[in-house]
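First up is the structure itself, then whatever we jot down about it.
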Amino acid sequence: MTEFRSAAPSQTDPRQTLRSTPANVALRSTDQGTGFKSFIPTERRFNVADLFNFTRQRGDLLFSLLFLGAALFLAVSFFGESGWADRDLPQKRLGKALKQPWVGPLIAVAIFLPAALGNFALSWRRARLDRRKHKPNKTRFEVVQWIRAIEFIAYFIIYTRSIEIIGYLFATMIFAALMVYRLGYRSWRWVGIALATSFVSVLFFRTMLQIKTPVNIWLYNQLPADLARFMKVYF
Amino acid sequence: MDALMTGLQNLLEPQVLLALLIGSLGGLVIGAVPGIGPAIAIAILLPATVFLPDLVSLVLLLGIYGSSMYGGAIPAILINTPGTPVNALTTYDGYSMTRRGEGPRALALAYSASFYGGTFSILTALAALMLFGPYLRDLGALFGSRDIFMAAVLGMVLLILAHRQTMLIAAGLFGFGMLITLVGRQSLRGFERYTYGVEELASGFNLIVVIVGIFALSQALFLMVGKDDPAKEIRFKGGLFRGLAELRRYPAVTAISGVYGTIMGIIPGVGEFVAQFFSYATARSMSKKPEQFGHGSPEGLIASETANNAVPAAAMIPLLALGVPGEALTAMMMVVFFDAGVKPGPDIFEKSPDFLFSLFIALLIINVLVVIALLFSTRLIARMIFIPNRFLGVFIMIFAFVGVFSIRNNFFDCVVAALFGFVGYILRRLEWPLVPVVLGMVLGSIMVERLTAGASRIKTWTDLVDRPVSGTLAVVILVVIAAVMVSMVLDHRKKNR
């Protein structure tokens, strides 16, 4: 039976003990028949240069195309939506022209469109290089991830709409509990924590800070007048 | 001196003191929980500040801004997960120290280095205010609309150039943000821009609604669609007090990092990442044990934590002096200034110097409060690291609703926020920067507003740069662009060699 753990980290070169390569993970395990359990989590190193590095992710080309599309659409709309049609371009006084409503959009489009075009070109070049290297194209996977977010946006819209029907307090508590359940925290403990946290957040924002929430609430209108007033003011 | 005393008195109001306490402690917790971060917390709290007095609001937000990086060091050191993005470099040496059983030492060093960085930049700003205050009051007369327009252009240029590898993306998003802010009825002539006949768009997009969408809702979606981090174990034994004094053993690294953080904070668009990078690289080149950097070097930890905590106070300087925010958090604070009817810019030195002193003294108090709180509650705060990501996402979404709806009691704003949340979510997944959108909205509106205001004095293009300040700023812009282009060409040649 060999015990590999005998060498204490402090007695060895720290650089050798710090890296969690599979080799020294093995050195830390015991042969007692139980599974390996680390003392502290394995090291995930950050590289200083990584803080500034940018690599184009899957789906970048598609989004760059959409970005360019948006820029083109806004640039084309410039002629009808910025006041350009009623322009007055005096020859002598530039300042008179600068006061007109189309100046701001012109500056914005002049920044947006060339940048979007240049970015698309770079993204296209990157995609071509990847194709040449036979790197797998996972755009479809990425689009699925984007679509998955739409489900939660729909829940958010339903939540905001339901506040006008059942009030901020009940809508928030029900939304929190259902969302937590939907995300897979299905024990009573998590649902309970969600209910308690949502109740406290309503107390903080609505009761204490008196943040504005919808007031004409169908459920509160069914309550006796005094209770309805109380609920409308505090919840 | 009178302004200093009045500024101090302003802070003694019970409401302000409470905001100081809540902001500082809240920021600590927010920083310690990976997945939230100060930008999201401030985005959520922005609408609440509309209902609070201006100093209370700013102190609350400053508390979160100033203390979150302290909190972010806890998970960075204990579980190798930065609490806020700017704590990423702290993991490099802090976590290595934890692995060799020096977690408390690393935490104590991080706290003392952060405290030094924070107080250094605050005291520098306060000293500058006291020494140059009388002269700064005359600064207002030097700054006309064209000068502030040029300062905003400089802010835009620095922001774009700071995104060295994503310059085109940053520029595109800046232009996009600028266009967003121009949607709606123009105040001067009443022309409706980019409304496409939609009635709700006539009043334009609210800046806070877009900020909540692009920062908070997008993060909520990102967390909910993603997976929870695997459970990690924390080993934490020993006290923190002994390690605090250790900072004195590294005076050179501490001093240089403080200076870097302050200078980089002052330059709009640069911020914590670049400050840390320079400090870390310099500390490494100065060190007698450079080989230890990245493997648990106390100097590395000190360099990164001192530099990033020196930035918040320094970042307030361009915001207050020129009315030009350098990054997302100061842009959000600008919104509070707008709501309070206080226009940051050179005039502020003349009109409300006490207000300036209040802000910087508040930051000083926040730093003291935070260190005291951390010495006694690190273990408690460390437990919050383990709130599951997706669970957190649900509550960010709930808080986001409050933020969005309370601004104008408008359901349309919720839809707008959801839309921007979705766009922000995709940007996050693609690792595109979010900050240019917000700065495009803030700086873009300043640019257009000031250009329009100064238009009557502009006959030709040269009139834009014929004033001392605007001319100097134009030269600075050209020099900065030329310097970056030269360095890019040199980098390219080096790569191709």
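All heavy atoms count here, side chains included; hydrogens, waters and symmetry mates do not. Here is how names work: the chains are called A, B, and so on, in the same order as the sequence lines, proteins then strands, and each is numbered from 1.
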* Do the side-chain N and O atoms of B:T90 and B:Y95 include a donor-acceptor pair separated by under 3.5 angstrom? -> no

* **With B:R429 via salt bridge (charged side-chain N to carboxylate O under 4.0 Å, His left out) - residues at least two apart** => A:E142

* To do: Could you verify whether a donor N or O on one side chain and an acceptor N or O on the other, from B:S297 and B:D93, lie under 3.5 Å apart?
  => no

* With a 4.5 Å heavy-atom cut-off (strictly below), which parts of residues 162-171 of chain A touch chain B? List them by number. => A:I163, A:Y168

Can I get a per-line list of side-chain donor-acceptor pairs under 3.5 Å for residues 409-423 of chain B, giving both atom names and the distance, sequence neighbours left out?
residue	atom	partner	partner atom	Å
B:N410	OD1	B:F412	N	2.9
B:D413	OD1	B:R408	NH2	3.0
B:D413	OD2	B:R408	NE	3.1

* Contacts of A:F156 that satisfy ring-ring contact (aromatic ring centres under 6.0 Å, His included) - sequence neighbours left out -> none

* Asked: Taking NZ, NE, NH1 and NH2 as the nitrogens, is one of them in A:R182 or A:E151 under 4.0 Å from a carboxylate oxygen of the other?
  -> yes

* To do: With a 4.5 angstrom heavy-atom cut-off, could you sort out which part of B:L179 is near chain A: side chain, backbone, both or neither?
  => both

* Among the listed options A:P114, A:A116, A:A108, the residue most often paired with chain B at heavy-atom distances under 4.5 Å -> A:A108

* Structure fact -> Okay, B:F176 and chain A: the region with an atom under 4.5 Å from a heavy atom over there is both

* Could you look at B:F222 and say if it's the side chain, the backbone, both or neither that has a heavy atom under 4.5 Å from chain A? => neither

* Part of B:L430 lying under 4.5 Å from any heavy atom of chain A -> both

* Asked: Under a 4.5 Å heavy-atom cutoff, which of A:K99, A:R161, A:R58 has the most pairs with chain B?
  -> A:R161

